[in-house]
S.K.: 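Got a structure for you, written out below as C-alpha cells; questions coming shortly.
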Amino acid sequence: MENQKLAQMFDKIADALEIKGENRFKIIAYRKASQILNNLTSDIYDHYQNDELQKIPGIGEGIAKKIKEYFETGQIKKLKEAFQGLPESLLDLLSIPSLGPRTVALAYQKLKVKNLQDLEKAIRNGSLASLPGMGEKKIDNIMKGIEFLKKALGRIPLGKAFVMVNELLKELSGWEEIKQISPAGSYRRMKETVGDIDILVTSDDPKKVMDQFTALDIVARVKAKGPTRSSIETDEGFQVDLRIVDDTSFGAALQYFTGSKAHNVKLRSLAKDKGLKINEYGVFKDEKYVAGKTEEQVYQALGLEFIPPEMREDLGEIELAQKKIPRIISYDHFPGDLHIHSTYSDGESSLKEIVEEAMKYGYKFVGIADHSKSVKYAGGLSIEKLLEKNDEIDKLQKQYPKIRILKAAEVDILIDGSLDYPDHILSQLDVVIAAIHTGFSNDPEGRILKAMDNQYVHIIAHPTGRLLSQREAYNVDMDKLLEKASRSKKAMEINAYWDRLDLNDYDCRKAREHGVKLAIGTDSHHISGMWQMVLGIGVARRAWLTKKDIYNFDI
DNA sequence: GCCGTTTTCGGCCCGACTGTTTTCAGTCG
C-alpha cells in the first residue's frame, strides 16, 4: 500500500512550506491529507483507480491531482518545488522540541545552519545568540531539545514499530516458503521503545526467502545478507533483522532472541544447575538435544511454567515460574475501550463506525469520549452538543443491544483545577475522564489532585503528561497522585497513543502498590487506531497486572 | 489547499505560554 508513502510526501511538503513561511492553512491542508492517508483503512490506489479520490473528505482538487501524478509518474513535482533552495536536512531540525520553522528558517538564512552539527556549532560560537529575539533561555531550551532528540534517536516508539511489524508479518506470512514466523526481541517484550526489529522464521528454502526479503519495497539499504541472517534498513530508518532457523530450534531461538539479556543469563544459570545447557539451538543434556521446537518445551525442560514475553526482564519471573506464574491480564479477555474520539470532536469515525468496529473486536463495552468545550483546537463539545451526542448514543444502544455504549467524555482540568463541565452534566455521563491539555507548567499536580475531589470523575488520563508534548513529562509526584487516587477511588489511564505511552510499566507497578486501578484507553481518533489497545495491554502485562488491577466498567 | 457557497471567494481553531520584548513572535497542543 502506498498510503504511508504518500502521507510522508505530503508531510514533507508541509514541513518545507512551513520553513518557507507559506500560508498556514495550505500547510494545514497538506498535514491533514497526510493524516487522512495514514488513517485510511482502504488502499488509496483503489480510490485512484475508481476516480474517487475527491470523495474522501479533506482531499480536494489539488491533493487529488498530486496523488494521480504520483501513480502515473512515480513522483510529485510539488515536493521538489517545495524544497527549491532548501536543504532537506533542515527537516531533521524541525523535530527538535522548542525549535520551530521560523527559527530554523532564520538560522538557515542568516547563519547557513543546515543540520544538527551546524546548529550545535552556532550555539557554541554564540552566533545563534546573535539572532534577533534569541535570548539565553531560548538557547537553553533548544539545547535541551537537542539532548532529548539525541536520546530518542535510534529507538522506535512501540506504536510505530507495531504498525510496521504487522504489515511486514502480513507480507511474509503470505510466502509459501515460510513455515513458522514470529517477531522477537524487545518488540515482542513490548518495551516502550524498540531498538531494532527481529523476525524469526523457519523455511525449507532460505535462499529464496532472503532474496525476497532483501528485495522488499520498504528496503532502503541491505546491511547484511546471508543464509541464516539478513539485515535491512527501511526507508523510515528502522533496522529489521530476519533470521532463519531450523524447525527443531525454532522455540529455542525464539526464546533466545526475545531476551531480555538478563532473563537469558538467569535462565542459563538455572539450566546449568540442573545439568542442562541452553542456547539458541535448543536445550541439551550431555550434548544431547532434549527440547527446542517450541518455547513452551524449552521452559518445560527447565521445569518452568511458560513465561509471557512481556515479563522476561529478570524481575523475579523465573522464580515465580518454578511455582506458579501469576495470571496476568490477557489480550483475549479485555472487555472494552473507554477512550475513543468520534467525529463529534477531533476523531475521524462516527459513533456507528466505532460501535461496529468495537463489536468486531468482541468488546463488551465501548466508551466514546470526546473533548470538552474549552479544548477549542480539538473541537471540544459544548454542553448542547454533548447532550445531542448522548441522545445519539441512546438511539444506537437500541440498535446494538449486544454491546454497551458508554457516554464518556475527556473533560479538561482547567487552569484553576476545576472541570470543564458542571457537575449536573458530569452526572449524566457513564465515564468521566479528566485530563490536562493546557497550562502544562501551571501546577499540573495540584490541578489533578483537585480534580480527584470531584465525585463524578472516574479516570485520570495522561497523569504524567507524556502524551502531551515531546518534552519528557511534567513534574508530578506520582506517589502523591496515586495515594490520592487510591483514597478517592479514581483509576489512572494507561494511554497507548501512536508514538507515546503515557504510563509505563514502572508507573503501573507503583499504581498497584497503592491499590489504584488502571484503565486502558486507546485515546484513538480513528477506528483503525484501536489496535493501540494491544499496546496498553502490553504495558499492563509488563507490570504483571492481573484482571483485578484493571478498571473495568461495571456492566 | 479544502470547503461551502448567498458558487469562484473568504474563512479555515484558537488560546496559552514563553521569552523576548515595550506590544509581539514563535511554539505548542
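Just so we're on the same page: letters track the sequence lines, and every chain starts at 1.
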S.K.: What integer number of Å spans the P atoms of B:dT5 and B:dC13?
M.R.: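 Roughly 16 Å separates the two P atoms.
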
S.K.: Write out a two-atom table: protein N or O, nucleotide N or O from nucleotides 10-13 of chain B, distance below 3.5 Å.
M.R.:
from	atom 1	to	atom 2	distance (Å)
B:dC13	O2	A:Lys376	O	3.1
B:dC13	O2	A:Tyr377	N	2.8
B:dC13	O2	A:Tyr377	O	3.4

S.K.: A:Glu18 has an atom CD; how far is it from atom C1' of B:dC28, in whole Å?
M.R.: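 The answer, rounded to whole Å, is 11 Å.
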
S.K.: For every nucleotide of nucleotides 20-27 of chain B, 5' to 3': is a protein heavy atom under 4.0 Å from its base (B), only from its sugar-phosphate (S), or from neither (-)?
M.R.: S-----SS

S.K.: Could you tell me whether A:Lys407 and A:Asp430 have a side-chain N and a carboxylate O separated by less than 4.0 Å?
M.R.: no

S.K.: Output the rounded distance in Å from NE2 (A:His437) to P (B:dG29).
M.R.: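 Interatomic distance, NE2 of A:His437 to P of B:dG29: 11 Å.
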
S.K.: When the distance from CD1 of A:Ile13 to P of B:dG1 is rounded to whole Å, what number comes out?
M.R.: 9 Å

S.K.: How many whole angstroms separate atom CG of A:Asp15 from atom P of B:dG1?
M.R.: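 That distance rounds to 16 Å.
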
S.K.: Thinking salt bridges, do A:Asp505 and A:Lys191 make one under a 4.0 Å N-O criterion?
M.R.: no

S.K.: Using whole Å, what does the distance between atom C1' of nucleotide B:dC28 and atom CG of A:Leu94 come to?
M.R.: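 Distance check: A:Leu94 CG to B:dC28 C1' gives 14 Å.
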
S.K.: Can you list the steps and then say if A:Asp479 with A:Lys510 is a salt bridge (charged side-chain N to carboxylate O under 4.0 Å, His left out)?
M.R.: CA-CA 8 Å; A:Asp479 279 307; A:Lys510 274 195 146 181; 2.9 Å; yes

S.K.: Checking all strands, does A:Lys65 fall into the base, sugar-phosphate, or nothing category for heavy-atom contacts under 4.0 angstrom?
M.R.: nothing

S.K.: Between A:Gly60 and A:Asn141, who's closer to the 5' end of DNA chain B by nearest nucleotide?
M.R.: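 Nearest nucleotide further toward 5': that of A:Gly60.
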
S.K.: Using a strict threshold of under 4.0 Å (side-chain N to carboxylate O), is an ion pair present between A:Glu388 and A:Lys385?
M.R.: yes

S.K.: Could you tell me how far apart A:Lys26 (NZ) and B:dC3 (P) are, to the nearest whole angstrom?
M.R.: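 About 16 Å, once rounded to whole Å.
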
S.K.: Name the pairing partner of B:dT27, where a pair is Watson-Crick or G-U wobble with both distances under 3.5 Å, or state none.
M.R.: B:dA16

S.K.: Across the strands shown, which category fits A:Ile415 at heavy-atom distances under 4.0 angstrom: base, sugar-phosphate, nothing?
M.R.: sugar-phosphate

S.K.: Whether A:Glu18 and A:Arg24 form a salt bridge (side-chain N of Lys/Arg under 4.0 Å from carboxylate O of Asp/Glu) is what I want to check.
M.R.: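 No, this pair does not count.
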
S.K.: Any salt bridge between A:Lys144 and A:Asp140, counting N to O under 4.0 Å?
M.R.: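 The answer is yes: the pair qualifies as a salt bridge.
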
S.K.: Would you mind calling B:dT18 syn or anti? Take O4'-C1'-N9-C4 for purines or O4'-C1'-N1-C2 for pyrimidines, and syn is within 90° of 0.
M.R.: anti

S.K.: Starting at NZ of A:Lys77 and ending at C1' of B:dG1, how long is that distance when rounded to a whole Å?
M.R.: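 Atom-to-atom, A:Lys77 to B:dG1, this comes out as 17 Å.
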
S.K.: Pairing donors with acceptors under 3.5 angstrom, does anything connect the side chains of A:Glu72 and A:Tyr48?
M.R.: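 Their side chains do contain a donor-acceptor pair, which is all the 3.5 Å distance test asks for.
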
S.K.: Kindly indicate, with the supporting measurements, whether the criterion ring-ring contact (aromatic ring centres under 6.0 Å, His included) is fulfilled by A:His371 and A:His437.
M.R.: CA-CA 10 Å; A:His371 285 288; A:His437 291 89; 5.0 Å; yes

S.K.: Check the distance between B:dG1's C1' and A:Leu37's CG and give it to me in whole angstrom.
M.R.: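 Those two atoms, CG and C1', are 14 Å apart.
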
S.K.: Taking atom C1' in both B:dT27 and B:dT20, compute the distance separating them and give it to the nearest angstrom.
M.R.: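 Result for the C1' pair: 13 Å, nearest Å.
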
S.K.: Indicate yes or no: does A:Glu483 engage A:Arg487 in a salt bridge with an N to O separation below 4.0 Å.
M.R.: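 Answer for the salt bridge query: yes.
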
